[in-house]
Amino acid sequence: MRNLFKMIAVLASLVGFASASTPVEVMVPIDQIYSPNGFDSNDNAEIIVEGYLPNLCHKSPKSEVVVKGNVIDIKMKSLKYESDNPFCPEMIVPFIEAVDVGVLDKGVYDIRVNGKSIYAKESVISVDEASSDAVDEFVYANVEYVAKKEGSRVVELKGYNPSDCFVLDEIQVVDNGKDVYSILPKMKQIYDICPMKMVPFSFEVEIPSKLKSDKVLLHVRSMDGKSVNSLFFNGQNM
């Protein structure tokens, strides 16, 4: 009988630990909303959210998006474990999340992130009218990451293209007048048939000094319709 009571006590403690370690979804702090220019009414538009997890009790930041009329409502959440969990040291974890808001009609949209909370932030994004019915008017290089050079305004766009039938045509840089440089590495097709052949590339681009914000976002469009996003600090490359 004594062994039975011990077994029940052990099971009860395990159940208590399991319930205590079950995560719940909570909103997370937001530092900045970045609204890139260059999207039109045929693109999957993106909004970039910079924030942080308060400690390692928070895991896996993710977004929930609702578009109603000209308002884009975004909730940035994470999974939060109990603060007495031994695997939750006090450490702030920054993140940059590209939020896909889908194909939007031409117009100006109000962005609300974590509205009606202490972490609420607002911004706007403008979407242009598409000049053709194509899903995307350009093929972009398959950029995987942005390499920065310390003490320089030159960065390298690096990745692998899936074929050698596309070569770089031009790299266009546009800004939103505030805190984002959109970098568009446009490719052109030189062969009719595109054999599968992984081709590494490294393209250099100099970041303009037009925007005066201490911190700007480099929003690099990529071949898969998504983007690679990296922070660039004016005055010092970090």
Side-chain angles (χ1 to χ4, degrees), residues 22-83 85 88 91-128 135-136 140 142-146 159 174-176 178-184 213 215-232:
T22 301
V24 295
E25 283 193 341
V26 297
M27 291 187 185
V28 294
I30 302 302
D31 287 327
Q32 187 71 25
I33 304 170
Y34 298 98
S35 306
N37 271 7
F39 293 115
D40 63 35
S41 54
N42 278 341
D43 293 328
N44 276 306
E46 287 185 330
I47 294 163
I48 316 303
V49 177
E50 179 190 4
Y52 63 91
L53 305 182
N55 53 52
L56 294 187
C57 289
H58 294 73
K59 309 287 185 183
S60 306
K62 67 175 185 178
S63 60
E64 296 178 2
V65 181
V66 176
V67 180
K68 290 185 177 180
N70 280 59
V71 176
I72 302 171
D73 185 25
I74 300 172
K75 289 183 172 60
M76 289 300 307
K77 297 181 176 181
S78 74
L79 295 177
K80 180 187 178 184
Y81 292 80
E82 293 294 330
S83 57
N85 189 310
C88 292
M91 179 186 297
I92 291 177
V93 181
F95 66 83
I96 298 178
E97 185 79 7
V99 180
D100 187 345
V101 296
V103 178
L104 303 174
D105 292 333
K106 175 187 176 182
V108 177
Y109 293 79
D110 293 323
I111 305 167
R112 300 171 185 172
V113 179
N114 288 355
K116 299 181 180 179
S117 79
I118 61 173
Y119 304 131
K121 293 281 187 180
E122 296 185 355
S123 186
V124 296
I125 189 172
S126 178
V127 177
D128 299 325
V135 174
D136 204 326
Y140 297 110
N142 188 35
V143 179
E144 296 181 352
Y145 66 99
V146 178
V174 297
D175 65 78
N176 67 348
K178 181 183 177 184
D179 54 13
V180 180
Y181 288 113
S182 295
I183 302 176
L184 314 177
S213 177
K215 178 177 61 177
V216 296
L217 181 78
L218 306 183
H219 173 76
V220 184
R221 299 286 291 274
S222 186
M223 182 177 286
D224 60 4
K226 300 296 184 180
S227 63
V228 176
N229 297 280
S230 180
L231 292 176
F232 185 89

Would you name the heavy atoms of L104 and V127 that are closest together and state the gap between them? O-CG1, 3.7 Å
Is any side-chain heavy atom of I47 closer than 4.5 Å to a side-chain heavy atom of I72? yes
Ring pair (Phe, Tyr, Trp, His ring centres under 6.0 Å) against F39, all qualifying residues, sequence neighbours excluded: H219
Taking only residues two or more places apart in sequence or in another chain, which ones pass salt bridge (Lys or Arg N to Asp or Glu O under 4.0 Å) with E25? K62, K77
To the nearest 0.5 Å, atom CG of D175 lies from atom CD1 of I183 at 11.5 Å
Quick check: closest heavy atoms across S227 and A98, and the distance to 0.1 Å? OG-CB, 4.3 Å
List the atom of H58, the atom of S78, and the distance in Å for their closest heavy-atom pair. CD2-OG, 3.0 Å
Which residues pass the salt bridge (Lys or Arg N to Asp or Glu O under 4.0 Å) test with E46, not counting sequence neighbours? none
To the closest 0.5 Å, what do you measure between CD1 (I96) and CD (Q32)? 11.0 Å
So do the side chains of S222 and N142 get within less than 4.5 Å of each other, counting heavy atoms only? yes
Walk me through whether T22 and V24 qualify under side chain to side chain contact (heavy atoms under 4.5 Å, CB included). CA-CA 7 Å; T22 301; V24 295; 5.9 Å; no
Distance (rounded to the nearest 0.5 Å) between L56 CG and Y81 OH: 12.0 Å
Decide yes or no for V180 and N37: does some side-chain heavy atom of the first lie under 4.5 Å from some side-chain heavy atom of the second? no
Closest non-hydrogen atom pair, Y34 against P36: O-CD, 3.4 Å
Contacts of S35 that satisfy side-chain contact (heavy atoms from CB on, under 4.5 Å) - sequence neighbours left out: I33, I111, S123, I125
Any non-hydrogen side-chain atom of S117 less than 4.5 Å from a side-chain atom of M27? yes
Contacts of type salt bridge (Lys or Arg N to Asp or Glu O under 4.0 Å), residue D128, not counting sequence neighbours: none
Contact between M76 and I30 at the side-chain level, heavy atoms closer than 4.5 Å - yes or no? yes
With D100, which residues qualify under salt bridge (Lys or Arg N to Asp or Glu O under 4.0 Å), at least two apart? K226
So does G115 get a backbone contact from the side chain of Y119, meaning a donor-acceptor N/O pair under 3.5 Å? no
Taking the side chain as everything from C-beta on, heavy atoms only, tell me whether E50 gets closer than 4.5 Å to L231. yes
Within a 6.0 Å radius of atom CG on D224, are there more than 12 heavy atoms belonging to other residues, nucleotides or ligands? yes
Are any of the side-chain nitrogens in R221 or D43 under 4.0 Å away from the carboxylate oxygens of its partner? yes
Any side-chain heavy-atom pair from Y181 and L217 closer than 4.5 angstrom? no
Criterion side-chain contact (heavy atoms from CB on, under 4.5 Å) against V103, the qualifying member of N44, D40, N42: N44
Measure the spacing between NZ of K121 and CD1 of I74 and express it to the nearest 0.5 Å. 14.0 Å
With a 4.5 Å cut-off on side-chain heavy atoms, are F95 and V28 touching? yes
For residues D179 and K215, report the shortest heavy-atom separation together with the two atoms involved. CB-O, 4.2 Å
Closest non-hydrogen atoms of V143 and V228, given as atom of the first, atom of the second and distance, are O-CG2, 3.4 Å
In this structure, CG of N55 is separated from NZ of K80 (nearest 0.5 Å) by 7.5 Å
